K.L.:
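Structure in structure tokens, see below.
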Amino acid sequence: MSLCVAIDGPAASGKGTISRALAARYGFAHLDTGLLYRAVGALAADGTDPIDAARALRPEDLDRGDLRTAAAGQAASKVAAIPDVREALVDFQRAFARRAGGAVLDGRDIGTVICPEAEVKLFVTATDEVRARRRFEELVAGGADTDFDKVLADLRARDQRDADRATAPMTIAPDAIELDTSTLSIAQAVEKAAALIDAAIKDADNNGSTV
Ligand code: DC
């Protein structure tokens, strides 16, 4: 079985948490594609040309300890607007999406560009304030010295850049299901997403196909 679950959405919408939970539940591999752009952004901040960095990206580049910071998120969003950077990362993501055993990929363009034929597509959202509150609490728990208004402004700036870029902008695929997590617990959000996967698996069984 090579079922692909595409999960897109803006920063701190809950897509990463949902993706990890689904991957664990179904035994699928999980790829946080934002981490690829964060690693390229961090290498660019160190002085490497971002296109060269994307073309030569190595697994160990994803293990850097500084990829989860607010600065790394902004740097990622900036390099993600460069078409050649995106192009360099496409093949790896597509191969991952079709690996045997099933895969969950989360990002901004999974259901639209990387895996438009995904069997399950979700677009995870939450209000700006809820997302900023989650991100603020995460950053503070990690020892960052920041304030809520700054986190909210950063998040909005990043969303706008991701949605307005010309190449593979963040947008909901026409056949994606929108999941608003503003008032849902993690468990509730995961159950809703899992119901879609169960339906896709049943569909594939009924059609005799080997997704
Ligand atoms: O998911 P994240 O917040 O870690 O992503 C960081 C940035 O990377 C995000 O602001 C935009 C970019 N990104 C992208 O353009 N396409 C993806 N598939 C994933 C992330």
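What's counted below: heavy atoms across the whole structure, side chains too, no hydrogens, waters or symmetry copies. Everything quoted here is computed from the prediction, not taken from an experiment. As the structure lists them, so they are numbered: ligands from 1, and atoms in each ligand from 1.
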K.L.:
Using the ring of each side chain (for Trp, its six-membered ring), is Tyr26 parallel, tilted or perpendicular to Phe28, with breaks at 30° and 60°?
P.N.:
parallel
K.L.:
Regarding ligand 1, does Arg158 bring an N or O atom to under 3.5 Å of one of the ligand's N or O atoms?
P.N.:
yes
K.L.:
Give the residue and atom name of whichever protein heavy atom lies nearest to atom 10 (O) of ligand 1, and the separation in Å to one decimal.
P.N.:
Asp162 OD2, 2.6 Å
K.L.:
Under 3.5 Å between some N or O of ligand 1 and some N or O of Thr33?
P.N.:
yes
K.L.:
Heavy-atom distances under 4.0 Å decide this one: backbone, side chain, both or neither, for Arg165 against ligand 1?
P.N.:
side chain
K.L.:
Under 3.5 Å, N or O to N or O, is Arg108 touching ligand 1 that way?
P.N.:
yes
K.L.:
Which of the numbered atoms in ligand 1 are under 4.0 angstrom from any heavy atom belonging to Ala76?
P.N.:
6 (C), 7 (C), 8 (O)
K.L.:
Show the atoms of ligand 1 that are less than 4.0 angstrom away from any heavy atom in Ala80.
P.N.:
12 (C), 15 (O)
K.L.:
Has Thr181 got a side-chain atom pairing as donor or acceptor with Thr125's backbone, closer than 3.5 angstrom?
P.N.:
yes
K.L.:
Does Glu87 pair with Arg94 as a salt bridge, N-O distance under 4.0 Å?
P.N.:
no
K.L.:
For Asp84 and Arg55, run side chain to side chain contact (heavy atoms under 4.5 Å, CB included): C-alpha distance rounded to whole Å, both residues' side-chain angles, the deciding distance at 0.1 Å, then the answer.
P.N.:
CA-CA 9 Å; Asp84 284 349; Arg55 288 181 178 152; 4.2 Å; yes
K.L.:
Quick check: does Asp32 get an N/O under 3.5 Å from an N/O on ligand 1?
P.N.:
no
K.L.:
Do Asp32 and Arg68 meet the salt-bridge criterion of a basic N to acidic O distance under 4.0 Å?
P.N.:
yes
K.L.:
Heavy-atom contacts under 4.0 Å between Met170 and ligand 1: side chain, backbone, both, or neither?
P.N.:
neither
K.L.:
Is there a polar contact between ligand 1 and Asp106, counting only N or O atoms under 3.5 Å apart?
P.N.:
no
K.L.:
When you look for heavy atoms under 4.0 Å from ligand 1, do you find them on the side chain of Arg161, its backbone, both, or neither?
P.N.:
neither
K.L.:
Which atoms from ligand 1 have a heavy atom of Arg38 less than 4.0 Å away?
P.N.:
2 (P), 3 (O), 4 (O), 6 (C)
K.L.:
Among Ile114, Thr112, Asp109, whose heavy atom sits nearest atom 18 (N) of ligand 1?
P.N.:
Asp109
